[in-house]
Trainee: 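Could you have a look at this structure, given as structure tokens, before my questions?
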Amino acid sequence: MIFDIVREAIDVRAIEASVLAPSCGGIVSFCGVVRKRADDGREVEGLHYEAHEGMARASFMAIAEEVRATMPEVRLAIVHRVGALSIGEVAVAVVAAAPHRAEAFAAARFAIDALKERSPIWKQERYCDGERVWVENRCSGERQ
Amino acid sequence: MIFDIVREAIDVRAIEASVLAPSCGGIVSFCGVVRKRADDGREVEGLHYEAHEGMARASFMAIAEEVRATMPEVRLAIVHRVGALSIGEVAVAVVAAAPHRAEAFAAARFAIDALKERSPIWKQERYCDGERVWVENRCSGERQ
Amino acid sequence: MPVVRLVAFARLRELLGDRRDIVLADGASVGDLWEALVREEPRLTEFARGTRFARNNRLCSAEALVCEGDEIALLPPFGGG
Amino acid sequence: MPVVRLVAFARLRELLGDRRDIVLADGASVGDLWEALVREEPRLTEFARGTRFARNNRLCSAEALVCEGDEIALLPPFGGG
């Protein structure tokens, strides 16, 4: 049950171990990974993430609280990395464990969608041609 | 892109590495884990799985083929363990990587649902009171 | 008289053993094999409805004919995942 | 005359620096702080619509009053995940 912003590589297995309990029959892990092509097809060299760390952690805990309200048996963890990341590295991990798989899938999906919308984290794409662009998530500009 | 029946502990990270490609922005891993309580609340000591290995592997590849037909960018792996498993051990891992998270979630969910319905694998629950019961998945008895 | 390899799983394996060779009459079907097994082990009857057959790794009907060297699998309802 | 800690992120950090202390008039609001920053850095104007404010780790409106020691954060649209 980890909610954190980290600067080093995310250890997904350690996060899974932290949520797993004898009651759990299914565990769903979502990892957001740095990919080589931006949505517009440009070649990416790497990403830079930054966060308001206190607010981001609080938003992760609020998301988990919402999950618990509808799915009390789900055990959730959310970890986002900040700093410079290369292609193939994990930027975010959301792990949900539950007695049954339907809830684990639903919780993981809800959590990553909610994080993108409401966690104060920013991403700069750094392209191979040298340009750098701050990329916004759709919906993230709406007031909560 | 592994489709396998194994007798040892499943190495989920190795499976993830096998499906990850530079085009992938999201990776969803589902692990089915042995849990302490059966659906009827009885305490479980462990599970025993067996499979028709050739048919099970073929069914995994057929599931992946179906995923590719609707989501050609998804990269999928399915590994099921057989033999005796203890509480907390991973019985099955389904890993789906895709450029975007929606497809990775959809593919992983489809694959585990399809596996439960149509892969020739059997599970015996071994309870702490000594009884052993072969447990059937719902829907698994329907002809394909 | 074809000889086929029988493989059985889960409850059916417990009743029949996991694999063995069986000699059948010429022109026998998978259903004929099942009937022969029921005569040998009457407790199979209760599993008739839930059991599917596969011939050489592909699901088949009880009407499918068997050939020398076929693997015939008896598949109770699945429980994987 | 309250002194507040300003923190800014992403594009706004690039324009304003990541953190600094600012002295405001008594009774000043978060909106007043924003206006003072725009006078100093007119390029902020184009980010007015997309920017949200937080006071001591909670989102707040431009009308929120600032107090001595507050942390005021300027939050452009999010891009995490």
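Each chain gets a letter, A, B and so on, in the order its sequence line appears, and its residues count up from 1.
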Trainee: Does atom CZ (D:Arg58) have a neighbourhood of more than 12 heavy atoms from anything else shown, all under 6.0 Å?
Mentor: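 No.
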Trainee: Return yes when atom CZ of A:Arg13 has more than 12 non-hydrogen atoms of other residues, nucleotides or ligands closer than 6.0 Å, and no otherwise.
Mentor: yes
Trainee: Could you name the residues of residues 46-53 of chain A that have a heavy atom within less than 4.5 Å of a heavy atom in chain D?
Mentor: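 Expected list: A:His48, A:Tyr49, A:Glu50, A:Ala51, A:His52.
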Trainee: According to salt bridge (charged side-chain N to carboxylate O under 4.0 Å, His left out), who are the partners of D:Glu14, at least two apart in sequence or on a separate chain?
Mentor: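 Testing D:Glu14 for salt bridge (charged side-chain N to carboxylate O under 4.0 Å, His left out), a comparison that skips the adjacent residues, returns none.
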Trainee: Indicate the atoms forming the closest heavy-atom contact of D:Arg13 with A:Trp134, along with that distance.
Mentor: NH2-CZ2, 3.6 Å
Trainee: Which residues from residues 54-87 of chain A are near chain D, with near meaning under 4.5 Å between non-hydrogen atoms?
Mentor: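 So the qualifying residues are A:Gly54, A:Met55, A:His80.
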Trainee: What residues, two or more places apart in sequence or in another chain, satisfy ring-ring contact (aromatic ring centres under 6.0 Å, His included) together with D:Trp34?
Mentor: D:Phe53
Trainee: Under 4.5 Å between any side-chain heavy atoms of D:Phe78 and A:Leu115, yes or no?
Mentor: no
Trainee: Could you check whether any side-chain heavy atom of D:Arg11 comes within less than 4.5 Å of a side-chain heavy atom of A:Glu136, counting everything from C-beta outward?
Mentor: yes
Trainee: What part of D:Ala73 lies closer than 4.5 angstrom to a heavy atom of chain A: side chain, backbone, both or neither?
Mentor: side chain
Trainee: Walk me through whether D:Phe9 and A:Ile121 qualify under side chain to side chain contact (heavy atoms under 4.5 Å, CB included).
Mentor: CA-CA 9 Å; D:Phe9 296 92; A:Ile121 302 170; over 6 Å; no
